[in-house]
Amino acid sequence: MNRPGVRKERLQGAGLDAALPYFMLAPGVLLVLLVLIYPLWDGLRASTMFYRFGNPVRKVGFDNYIRLWSDPQFLNSLWVTLTFVASAVAIETVLGLALALFCSHEFRGIRLLRTILIIPMVVTPVVVGIVFRLIYASDAGMLTAFSEALGGGAVEILGHPVRAFVGLVVLDVWEWTPLMFLILLAGLQSLPIEPLEAARVDGAGPWRVFIDHTFPMLRPIIAVAIVLRTIDAFGTFDQVFVLTHGGPGEATRLLSIFGYDTAFKFQETGYAAALFVTMGLIILAFTLAAVRLLKRAATS
Amino acid sequence: MIRALGRFTIVAFVLALVLLPIYWMASTSLKSNREITQEGTLYPHHPSFENFAHLFAYKRFSDYLLNSIAVTIISVLVALVLGSLGAYAIVRFRLPFSLERRVGLSLLILRIVPPVVILIPVYLLILSLGLLDTWLGLIIIYTALNVTYCVWMMESFFREIPVDLEEAAMVDGDSRFGAFRRIVLPVAAPGLVATSIFAVIVTFNEFMFALVLTSTPHAMTMPRGTATLIGRIDTDWASMSAAGVVGALPIVLFAFLVQRHLVRGLTLGAVK
Amino acid sequence: MTIRSVHSSRMNRRTLLKGSAALGLGAAVMTKARPARAAGGKVIIGAFADGGLAPFKEKIIPLAKQEGGFEIEYLEDEYGVTLEKWFADARNSAGQYDLYLLDDPWVPQFGAADVLEDLGAGGIDGADADWIGSMIDMGYWPPRSGPRVKGFESAPPKLICVPFVGDLQTLTYRNDVYKSGAPASWDEVIAKGKEAVAAGTIKYPVVFRGVSGNPIVTSWYPIFLSFGGEFFDDKWNVTFNSAKGKASADFFVGTMKQNAPPGVVEFDSDQEGAAILGGDAGAIIQYSGNALKADDPKQSKVAGKLDFGVVPKQEKAIAQMGIFIAGVPKSAPNKANVVAFLKWYTSGATQAKLAEAGSIPVRRTGFGVAKPGNRLIPVALQQLDAGALPRPRTPDWAKIEELLGIELNKALQAGSGGGAALDAAAEKATAFLKQVGYYP
């Protein structure tokens, strides 16, 4: 964290200067404490109670958590979320890397490509949900329109569990591959040229150069990108809410949607709070594990 | 030659994949509901802007747009101020009990946990403050979320700046805070810009908290307003697609304008 | 002027500009820091988007301003979001609405939470004989008849909601397929429908909604009722997986699906509407929302070929009733206005105007008008008299419907196993009800 050459100041000086750091930290910290930390704590508390129509009825300790792990709906949500995150992030990373490698040397049209690729990332996620709903709808959708123009019939995606799930993964890949692309491209461009040039001069083919030199140097950046994207993917909500709201049945019911329904539709506030805490812990565990792995890989 | 042709094909293919869905939504927004559901045309046969006019005249979209812009600008500005101050303190000062390091670490952890985890308690908090369906309620939560991000980003920018600059200024008689304001901030300006761009985009597009904290055009934001048209009963595809276009346009235009800084901000977090 | 003074005057102007901008912004934030509040004859109505409310929106709201000076702010939202939004609003006394136009199955939930005004005490007479009996019954909590959930066994029924716009399922059918009038039985629906498919008049005999949750359960319910099924017994034991119930489910996921468009598993209101209005389907059981579009050539390709009738019968011919029912939260900001509005709105005179505008009224006077705005209205009265049942009056209906919907949808996708789906749903429902304390 502390780079050599950057010195930190010990508190010195009198009066206002001494208190300055506290003044500078205080407003931000206070806000975060009130609006983020306190609710986190409140959520923990709520997760130990049994609610009926939004009213706490009695304390139940860890019962909500125990109930979670024997609730087929929760387990299904967990499974759906894990498979969604794993497949989406994997595909995004591979495609993003391929694109980044493709763009590693300047060529005509690369600026246009980079500009257009920004669009999926910045479009409001709710709108991305709308965009894909308009593509997948079996009556008014793009796939059906194309299919019928070619003489085929209606294309059904959102009514079939597997297809709807795949459709959701496709949505996420469309939306977030550009982000992976940008990060990996920046990483590629920050790599030192000499080792790669040396390898090429030695006669190594482009694939060998990649495997032996580029990829190992790029690995930490790839890892960071994967971790960041995974964390965000766990929290996917807006697009699913609009596209399928968890359906058909439970095929696309991510943890976030299931939690939302449990809290707001069925008013089981305590149970939902326990679910969200569990979800947070799972992500935290994953991140810590990933960071530890990264540290170990960096030192090896 | 072949390489150039191959390259061209790939670029064209990728561009098509990215733009096709957008084209479809845009073209749907120019059709009538009947044309959409019963004729399934590939392009609008009688294009018209009627759907858009309808959105603004009947569906309160001008309200949603105004709310979004106001809430976004205010919360990002406040978060930038609070975040820069905090980030500077963390980077430059050594407080007892390594306080500044602890604060920095906790803010990082908060960045990791998905916001959905605190959705319900935040709803109850805003409710108890009597701020449901108000700008202030949204500003409060958005600012808090943005502060964590701003501190994180500005930390790395401030670290780049050698202390010598401020020390020179202080030797010349400037106060610590004066040095911060007159020397450090201007140098870190690109960082501020990159951070704020990302914060603007994320805040404008935020849906989940808006869903739960607002219910009327008094404070509903654009994404939230767009969702009123999603419809499972009586899906008004025409209005829905027009709403999608209207919802996406401001942010996409904004992103195009600032794309250089945007790319910098996005990748900085990862590459550092 | 010296450079310094120019600089400082420019600074001053800049500071002034910044200051006033900040002040303006601060003022704007302050005005938006309070939720919107009462003014004049204002009434804030929350509604979910539904074609059944179109006549109210278009004809009655202006009338309310004219006749009663009521300024109605009509806030529409998406069906899937409204239940939780309004319940949160009421339960937390957030005061953002004066009136919710609820879907009637939600009344028990609001009733059990005790968040709605007692409208009977507020001056609305629930005993007036002009009310359609089955409709006004739905406004009472605890219900005046039928089983009561735990905790409300001896509470006196209070009128917490008043019917707002009538709605119930009826049969919409193609008169060029069912030439001798509405098909009386399910066998007839399928048989004549198949003939018409062979003749090329239509593509599918039937269409319905298959999406998991409320849509599929609503599609299955009239079939379930017509086969003689019963959902709960007096003690809230689950009985929908009786032999009759299972038969209805097998018929639904089997025969019905085979005779419906292939994408039916994904269908919701708009798709089933498109199928019948676009001319592909022969018959559909639907609420008035889409039915009201049948005669409009701008919305229907087969205007003139669609007629309405009572739902087909297996053992019985009972439709599901689902009205728009209005409740006033205790935290309503304009309470006096909204009660006055409700009294005006539910008067015989206004209900007559509602019927003329094309919506199903909630008072007999409304049904008696000479020129109802839609052909559906006399048929609706027929169905009401033939038999129309609301969904079970329990505050946990949303969860039960959800569990049932998931299983039915799975079976519908497979095209078989309707009975097994009901058993699975019954098990889950029983477990849930036990957990929340229904069974001693």
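Per chain, numbering begins at 1; letters A, B, ... match sequence-line order.
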(request) Find the one option among B/L19, B/V151, B/T148 whose heavy-atom pairs under 4.5 Å with chain A are most numerous. (result)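 The answer is B/L19.
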(request) Using a cut-off of under 4.5 Å on heavy-atom pairs, state which of B/V202, B/L42, B/V11, B/V122 scores highest against chain A. (result)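 The candidate making the most pairs under 4.5 Å is B/L42.
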Quick one: pull up [atom1] in [X] and [atom2] in [Y] and give me the separation to the nearest 0.5 Å.
{"X": "A/I116", "Y": "B/F256", "atom1": "CD1", "atom2": "CZ", "result": "5.0 Å"}
{"X": "B/I251", "Y": "A/M121", "atom1": "CD1", "atom2": "CE", "result": "12.0 Å"}
{"X": "A/F276", "Y": "B/I120", "atom1": "CZ", "atom2": "CD1", "result": "5.0 Å"}

Can you tell which part of [X] gets under 4.5 Å to a heavy atom of chain A, answering side chain, backbone, both or neither?
{"X": "B/V212", "result": "side chain"}
{"X": "B/S27", "result": "neither"}
{"X": "B/L17", "result": "backbone"}

Between [options], who has the most heavy-atom pairs with chain B when the cutoff is under 4.5 Å?
{"options": "A/I130, A/L281, A/D42", "value": "A/I130"}
{"options": "A/G280, A/A272, A/A145", "value": "A/A145"}
{"options": "A/L36, A/L255, A/I135, A/L34", "value": "A/L36"}
{"options": "A/F132, A/W41, A/F237", "value": "A/F237"}

(message) Minimum heavy-atom separation for B/G86 and A/L25, please, with both atom names.
(response)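 So the two residues come closest at O-CD2, 3.6 Å.
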(request) Let me know if A/V35 has heavy atoms under 4.5 Å from chain B in its side chain, its backbone, both or neither. (result)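 When you check distances to chain B, atoms from both the backbone and side chain of A/V35 fall under 4.5 Å.
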(message) Among A/V122, A/I118, A/V127, which residue satisfies the side chain to side chain contact (heavy atoms under 4.5 Å, CB included) criterion with B/V252?
(response)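 Running side chain to side chain contact (heavy atoms under 4.5 Å, CB included) over A/V122, A/I118, A/V127 with B/V252 returns exactly one hit, A/V122.
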(request) Using atom types as modelled and distance alone, determine if a side-chain donor or acceptor of B/W24 lies under 3.5 Å from a backbone N or O of A/L134. (result)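 Such a contact is found between B/W24 side chain and A/L134 backbone.
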